[in-house]
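Naming: A, B, ... by sequence-line order, numbering from 1 per chain.
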2 protein chains.
Amino acid sequence: MSSRSRPLVHPFDVEVPQLREEAAVNNGDPHEDTVIMKDVQGMPGTSVGLALRLFQFAFAAVSVAVMAATSDFPSVTAFRYLVAALSLQCLWSLSLAIVDVYALLVKRCLRNSRVLGFFTIGDGITSTLTFAAACASAGITVLISSDFNNCAENHCTRFETSTAMAFVSWFLVFPSFFLNFWSLASR
Amino acid sequence: MSSRSRPLVHPFDVEVPQLREEAAVNNGDPHEDTVIMKDVQGMPGTSVGLALRLFQFAFAAVSVAVMAATSDFPSVTAFRYLVAALSLQCLWSLSLAIVDVYALLVKRCLRNSRVLGFFTIGDGITSTLTFAAACASAGITVLISSDFNNCAENHCTRFETSTAMAFVSWFLVFPSFFLNFWSLASR
């Protein structure tokens, strides 16, 4: 940049837009970022993002409620873990839904690097825990219902419902995580 | 761009570097990309990337071998699924290790968008399947060993070893996936 040769007569009408473009590319002009990234629905501070958070919360809450309603879930470690992981998912999604509501009401942009990094790491951890819990529960539910054919003594339907809701909740966290990570990596 | 005003006398010594920079920013000049991205070890076509692939393959192969050596694994769906998923992981990691060896031998750069996209999607699918299999097996292994205390009749140690190897294999796929995804998103 500094070694660029310059004409003796400065044509200001050319230099000014050129410098502004370089500044936008090098320093990440906030106005430029806002224009580029406002189009992606589903990110924090958008209405689709808020809807995703509310559905994540709802399915996680249903999963915890159905599992906790069975009398014998504390005897299986994976089911106890499912209740713990999905409760964490509930809290995380509800918190971010409240942040989204605030951002939508005051029309504030949440997309700076620190906020995006925090949301991405949080989404990554909670979605991994939720997926692990759903898989462990699915393994045991299939073991009870298909391998042992022991649904007469166990609440197979409830276990299956809870596991399915956990998978749906994980499936809904994935777009949030993906969009946050993509926009974090692409800046 | 097209509406930019231009001086009547064209100063060619200024215009040429300006255009080249714009082309590098807009079109992704391959030379610029190579310079920026060659530093990241662990990506396809680097020695660390090859080492990651070989370790993924090795741990997945050990996991499959230990599980397949137990006599009663076909009676449990989750253990059959573990063998299937980890076999797929073996094939995928071995294939990419061979591609990496080829790229290192002929000093060819594998980092264009299509190749990175293919590797990222493949890593994402195999790592998700591997993680799901590991979690399901872990749930059942904990159920047998801790909840039922039934290790006298079952091969608890083998199940635990196989599950642990599957988790290690997943853990080693993660950096490959992360680096591919990051470099795909950041271009």
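- Most heavy-atom pairs under 4.5 Å with chain B: of the set A:Phe79, A:Phe178, A:Phe148, this distinction falls to A:Phe178.
- Only the backbone of B:Ser75 comes within contact range of chain A, with at least one heavy atom under 4.5 Å from a heavy atom of that chain.
- Linking ILVMFWY residues whenever their side-chain heavy atoms come closer than 4.5 Å, directly or via other members, places A:Leu105 and A:Leu50 in the same cluster.
- Crowding of B:Phe55 atom CZ: a count of heavy atoms from other residues, nucleotides or ligands under 6.0 Å not exceeding 12.
- Within residues 119-141 of chain A, the residues having any heavy atom less than 4.5 Å from a heavy atom of chain B are, in residue-number order, A:Thr128, A:Phe131, A:Ala132, A:Cys135, A:Ala136, A:Gly139, A:Ile140.
- Placement of A:Leu82 and A:Phe159 within a single hydrophobic cluster is found when ILVMFWY residues are connected by side-chain heavy-atom separations under 4.5 Å, directly or transitively.
- A:Val76 and B:Asp147 make their closest contact through CA-OD2, 3.5 Å (heavy atoms, listed as atom of the first residue, atom of the second, distance).
- Linking ILVMFWY side-chain heavy atoms closer than 4.5 Å, directly or via other members, places B:Phe171 and B:Val173 in two distinct hydrophobic clusters.
- The hydrophobic clustering, which links ILVMFWY residues whose side-chain heavy atoms are closer than 4.5 Å, places B:Val62 and B:Phe73 apart.
- Hydrophobic clustering (ILVMFWY, side-chain heavy atoms < 4.5 Å, transitive): A:Phe59 and A:Leu52 are in one cluster.
- Aromatic ring pairs are classed by plane angle as parallel below 30°, tilted from 30° to 60° and perpendicular above 60°; the pair A:Phe181 and B:Phe181 is parallel.
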